[in-house]
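Contents: one structure, followed by commentary.
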Number of protein chains: 2
Amino acid sequence: MRLSSMADYAVVAMVAAARQCPTAGADGDARARANAGQLALETGLPAPTVQKLVSRLVAAGLLTSARGAGGGLALARDAHDISLADIVEAVEGPIALTPCVEGISHDCAPGLGCSVRPHWPVVNEALRLALSGVPLTRLMTPQDDVDMVQ
Amino acid sequence: MRLSSMADYAVVAMVAAARQCPTAGADGDARARANAGQLALETGLPAPTVQKLVSRLVAAGLLTSARGAGGGLALARDAHDISLADIVEAVEGPIALTPCVEGISHDCAPGLGCSVRPHWPVVNEALRLALSGVPLTRLMTPQDDVDMVQ
DNA sequence: TAAAATAAGACCGAATCAATCCGATTTAAA
DNA sequence: TTTAAATCGGATTGATTCGGTCTTATTTTA
């Protein structure tokens, strides 16, 4: 039930990216793009780690990258349209509490016929829904007033 | 985002326990209690693993145990009142996606003052709510018709 | 054309986790 | 009183994954 450190760091890195390139993407590539080194400096994370993170985030379509001198990173879409679920899935893959769903095998309980298995997709979807409800913009606000969610 | 194997097995073990001791607790200790060995046989899990699991489940108050010959296990309360959240918390501890909440330290991003941290409790509570909505009785049904939630 | 700056991928050490085993304690039955 | 059965607790071993570092390839500017 714990998030992997990489996913945890990815959330922090995305918040930092959203601050440095507030609404990139719309105004072309002429903007001042933030690079991985600047993100590492702001977040305090080791630079190679941030580089590996942005690689996955770019591959997942959450960030856009420009190579070469003067290159850097930019948010692929508006920060309001990026949720926690997007970031977690970009780093950890599909949201699934158990490996039952992915592969065909993994017979943890062959004797039962595993009556539990058919119910996992429902739980996974509920979790995904909960994470989808948290946009990146909410994580950017430094205030600590807890916004009551039911 | 993956459940630990122990928590995964605990869910299967609890389902098996709920089948062998349908509604124990009310009718005293005179019932036929299932022991850890029988649960291991039915679930296909290794016996030592099941023993360690039931230890934690008893400590968490989900199962009651009777030591000595003729002893065994019984559900502490009705299967309908035991949720996925209870089982996960019994094995893994409090539901928290990041270690930020528990301890005071763990400064993953000292530069930012970690604007993300105050928002984690909200996410954790949402996840806990999703898991609390799945009672043990639902997991016992062997049918694979997906009951639409949402 | 050359140099510099960037992203992207491969490699390796380390830590956590899962699984197993062994002993101690307790209770019921013979 | 003795024996057997069953839980409880800790300690050990092995493996998988995670985190970090390094090297390579590509692109842009001067």
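First the proteins, then the strands, lettered A, B, ... as listed; each starts at 1.
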Exercise for the section: Ignoring backbone atoms, test whether Y9(B) places a side-chain nitrogen or oxygen under 4.0 Å from the OP1 or OP2 oxygen of dA18(C). Expected result: no
Practice task
Report yes if a side-chain nitrogen or oxygen of S65(A) is closer than 4.0 Å to either non-bridging phosphate oxygen (OP1 or OP2) of dT6(C); otherwise report no.
Solution key: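 Result: no.
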Handout entry: D8(B) side chain to L3(B) backbone, donor-acceptor under 3.5 Å
Key =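 Between the backbone of L3(B) and the side chain of D8(B) there is no qualifying donor-acceptor contact (under 3.5 Å).
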Practice task
Just jot down the salt bridge (Lys or Arg N to Asp or Glu O under 4.0 Å) partners of E92(A), sequence neighbours excluded, or say none.
Solution key: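 Expected list: none.
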Using whole Å, report how far [atom1] of [X] lies from [atom2] of [N].
X      : N       : atom1 : atom2 : answer
N35(B) : dC8(D)  : CG    : C1'   : 15 Å
L3(B)  : dC17(C) : CG    : C1'   : 14 Å
M6(A)  : dT21(D) : CE    : P     : 11 Å
D8(A)  : dC18(D) : CG    : P     : 14 Å
L39(A) : dA7(C)  : CG    : P     : 10 Å
E92(B) : dT16(C) : CD    : C1'   : 14 Å

Problem - Listed nucleotide nearest any side-chain atom of S5(B), set dT21(D), dA19(C), dT20(C) - result: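 Nearest to the side chain of S5(B) among the choices is dA19(C).
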Exercise for the section: List the steps, then state whether side-chain contact (heavy atoms from CB on, under 4.5 Å) holds for V58(A) with L73(A). Expected result: CA-CA 9 Å; V58(A) 168; L73(A) 304 164; 4.3 Å; yes
Listed pairs, N/O of protein and of nucleotides 24-27 of chain C, under 3.5 Å:
residue, atom, partner, partner atom, Å
dT25(C), O2, R67(B), NH2, 2.7
dT27(C), O2, A69(B), N, 3.2

Practice task
Name all residues meeting the side-chain hydrogen bond (donor to acceptor under 3.5 Å, both in side chains) criterion together with S83(A); count only those two or more places apart in sequence or in a different chain, and write none if there are none.
Solution key: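 Testing S83(A) for side-chain hydrogen bond (donor to acceptor under 3.5 Å, both in side chains), a comparison that skips the adjacent residues, returns D86(A).
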Problem - E89(A): side-chain hydrogen bond (donor to acceptor under 3.5 Å, both in side chains) partners, not counting sequence neighbours - result: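 Result, side-chain hydrogen bond (donor to acceptor under 3.5 Å, both in side chains) vs E89(A): R128(A).
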Handout entry: Where at least one partner belongs to residues 46-67 of chain A, residue pairs that pass salt bridge (charged side-chain N to carboxylate O under 4.0 Å, His left out), sequence neighbours excluded
Key =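 Sorted pair list comes back empty.
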Exercise for the section: Under the side chain to side chain contact (heavy atoms under 4.5 Å, CB included) rule, collect the residues that match up with P46(B), sequence neighbours excluded. Expected result: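 By the side chain to side chain contact (heavy atoms under 4.5 Å, CB included) rule, P46(B) matches P48(B), T49(B).
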Handout entry: Residue list, side chain to side chain contact (heavy atoms under 4.5 Å, CB included) with T137(B), at least two apart or on another chain
Key = A79(B), H80(B), P135(B)
Practice task
In sequence, state the C-alpha distance, the side-chain angles, and the governing distance for I95(A) and E125(A), and then conclude on side-chain contact (heavy atoms from CB on, under 4.5 Å).
Solution key: CA-CA 8 Å; I95(A) 293 179; E125(A) 197 51 40; over 6 Å; no
Exercise for the section: Could you list by number each residue of residues 49-62 of chain A showing a heavy-atom separation from DNA chain D of less than 4.0 Å, or answer none if no residue does? Expected result: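 Listed by number, they are T49(A), K52(A).
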